[in-house]
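Some notes on the structure that comes next.
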Number of protein chains: 2
Amino acid sequence: MFNEITQEEAYNTEHLQRPAKTISMHAESSFKVACSNCNLRELCLPIGLSTDEMKQLDGMVATRKKIKQGGHLYSSGDAFTTLYAIRTGFFKTCVVSEDGREQVTGFQMAGEIVGLDGIVADKHNCNAIALEDAEVCVMPFNHVEDLSREIPVLQRHVHKIMSREIVRENGVMMLLANMRAEERLAAFLLNLLQRLHARGYSKSELILRMTREEIGSYLGMKLETVSRTFSKFSDEGIIEVKQKNVRILDHEKLKTIFNSSTC
Amino acid sequence: MFNEITQEEAYNTEHLQRPAKTISMHAESSFKVACSNCNLRELCLPIGLSTDEMKQLDGMVATRKKIKQGGHLYSSGDAFTTLYAIRTGFFKTCVVSEDGREQVTGFQMAGEIVGLDGIVADKHNCNAIALEDAEVCVMPFNHVEDLSREIPVLQRHVHKIMSREIVRENGVMMLLANMRAEERLAAFLLNLLQRLHARGYSKSELILRMTREEIGSYLGMKLETVSRTFSKFSDEGIIEVKQKNVRILDHEKLKTIFNSSTC
DNA sequence: CGAGTCATTGATCTGTCTCAATATTAGTGG
DNA sequence: CCACTAATATTGAGACAGATCAATGACTCG
C-alpha cells in the first residue's frame, strides 16, 4: 500500500533544487549564502522582490545552521536576536506552562519563518524543535529591520508574514473552541496537504513528521483520540493510515467533514 | 454590594485626560488630532518615542471615528487599508466559519491596536464590533509603513505589537487545548484585570462589557458553563458576581486556580 | 536482536454540553 | 411611571464526546 512512499525525508526540498554539485557547495558554505540563489525564494522572504532588491537581500542571511532531529533551534527564554527561515526539514513550536503542560502552537516547513514570538519581549516565548534533521537561514532581526526600511516591498512582506501568523492562530482558536475531533483532524490534514502541495508534493499522500501526541497537543485532544479518529477515517474509506504514512482516498469527503458543523 | 461601581462607561479613559475643555476640542476635531496630545500615548503606538519623533507621528492618525455600541468597525471581507487605535470603548474581534459558527478571537480596550488581521490578504479576516460606544484613531497602514521606515523606534514598536498578538494567541491556544473551565475563566479574569489596572482601574473590581456567550466563545465553553463557573467561584468566596459586575475577593486564589494544572 | 518509543484498541469514567425551565435586567412605548 | 417584551443570566437533570486507565501490537535504531 505505502510502498510507494519511500522518500526518506519527505519534506525536504533538496530534490527541487539545482544539480547536486551546487547543493554540496551550499552545504559547505564555501558558496555564498544567498537568497537570490535559493530554490525557496518564491516561498520564503524574497517573494515578490525584483532582481535588484533580491541582491540587496543577500546580505540578510548571516549564516546557515543545521539542526539535528530533536534539537532545539531556540528555547523559551533565550535572548531573541534573529529570525529563521527554514530551508529544509520540519519543526514544531511549543509553549510550556508553569506547571509543565506542553502546547504545540504550530508545525513549520521549508520556506516558513520562525522566531516571531521573540520580538515583543526580546526573548523567545516558545521552543522551536526540529522534527527531522533540518537547516535554517539565520536572519539577524536587525538586518531584517534595516533592509525593511530600504525595501518597502520587503517591509510589507515582513508585515504580511506576521499578519499571516495572526490569522492562522485565529483559525486554530476556532478549531479548538468550536470543532469536534473529526473536524479538527480533517482541518489539520487538509492544511498540511495544501502546504506540502505548494512545495511540490503530492496532494494525496504525506508522511507525518510528528507523533500522535504532538498532533493531539496542537489540536487539543489526547493521542488516543487522534489515533481513534485516524482509524475512523480509515474505516470510512476516507484515508489510508499506516503509522506515519497517510494516503488521502477521498479529498472531498475530508473537506465536507471539515466544513460540516453539527452532523 | 456593587453600588460603588457606578461608572457609566467603566473602560472609558476620558477621566485620565486633561481638562474637560481640551477634551471637547478634541471631540469636535477642530483641534488637530495628534498623538502627542493623547492621554494614551504611553499605552498606544507612540510609546517610547522622543518628542521630535512624536511630532512626526502626529500625521499618522488621519482622522477619528466614533462607533456606536454594536456597530462594526470593520467586517470580514472588507478591504484593508488602515489600522485602528482604540481611544475609548471596548471591542471584540471574531471570525465566522463557513457554516456560521462565531469565534471571538479577542477583546480590545483603549490603547490597543486592531486591524492587524487584514494585512496579509489586503482584506479583513474578522469582524471588529464595539461592545460599548467607542472612538478609534484611524491610521492608514501606508502612513504607518512610511513612518516606520523613517522612525526605527516606531518600526520596532509595530513589530512588537504584532509579535505581542502572536504570543497572546499562543497563550489562548494553551488555554483552549489544555485547561479546564475554571482555569480558563480565572485566566480570563486575571488578564482583564491586569489590562484594566494598567489603565488606571481597580485591581479588584470590573464591569464585564461582554455577555456570557461572548466570554464562552472566547474561552471555548458554552454560556451555561461560564455562568456555572462564575457561580462556583462565587460560592467559594473567590469573587462576587452580580450580572456584569465582578468583584475580586481573593486574587491569590484566582491565580492558584489558573496555575494549578490537575487538582 | 532487543529495548524503547510510538500507535492501536478496549472499557470505563467524567467534565462539559444539551435541553429545559425560571429569573433578572434592559429597552420600548403607552 | 409602569407594563410589556426581548435579551441575558442562572440553575437543574440527563446525555455524550472525549479523557483516562490499561493492555497489546508495531516499528525504530543502536
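Every chain is numbered from 1, with letters handed out A, B, ... down the list of sequences. Small disclaimer: the values here were computed from a predicted structure and weren't measured.
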Is it the case that the side chain of A:T229 and the backbone of A:T225 share a donor-acceptor pair, with hydrogens and angles ignored and the cut-off at 3.5 Å? yes
If you walk 5' to 3' along DNA chain D, what is the first nucleotide with an atom under 4.0 Å of a heavy atom in chain B, and what is the last? D:dA9 to D:dA13
Considering only heavy atoms from C-beta outward, does the side chain of B:I86 approach that of B:L73 to under 4.5 Å? no
Atom-to-atom span, CE of A:M221 to C1' of C:dT16 - whole angstrom: 17 Å
Students often mix this up, so state it plainly: with edges at 30° and 60°, are the rings of A:F90 and A:F107 parallel, tilted or perpendicular? parallel
Each nucleotide in nucleotides 5-11 of chain C should get exactly one letter: B, S or -. Can you fill that in based on protein heavy atoms under 4.0 Å? --SBBBB
Parallel, tilted or perpendicular: which fits the ring planes of A:Y74 and A:H124, with parallel below 30° and perpendicular above 60°? parallel
Would you indicate what B:G216 reaches in the nucleic acid, counting non-hydrogen atoms under 4.0 angstrom: base, sugar-phosphate, or nothing? nothing
Please name the pair of heavy atoms, one in B:V226 and one in B:G216, separated by the smallest distance, quoted to 0.1 Å. CG2-CA, 3.5 Å
Side chains of A:R101 and B:M179: does their closest heavy-atom pair fall under 4.5 Å? yes
Taking the basic N atoms (NZ, or NE/NH1/NH2) and the acidic carboxylate oxygens, is any pair closer than 4.0 Å for A:R195 and A:E112? yes
What's the CZ-C1' distance between A:R180 and C:dT18, to the nearest Å? 14 Å
Judged by modelled atom types alone, do B:E102 and B:S217 share a side-chain donor-acceptor pair under 3.5 Å? no
So how far off straight is the helix from C:dC1-D:dG30 to C:dG30-D:dC1, going by the axes through five pairs at either end, to 10°? 50°
Separation of B:N178 atom CG from C:dG15 atom P, in whole Å? 16 Å
For the pair made of CG in B:L219 and P in C:dT16, what is the distance, rounded to whole Å? 12 Å
How close do A:A85 and A:C44 get, heavy atom to heavy atom, and via which atoms? CB-SG, 3.6 Å
Between B:L208 and B:Q243, is any pair of side-chain heavy atoms under 4.5 Å apart? no
Could you tell me whether a side-chain N or O of A:E132 sits under 3.5 Å from a main-chain N or O of A:Q69, the two making a donor and an acceptor? no
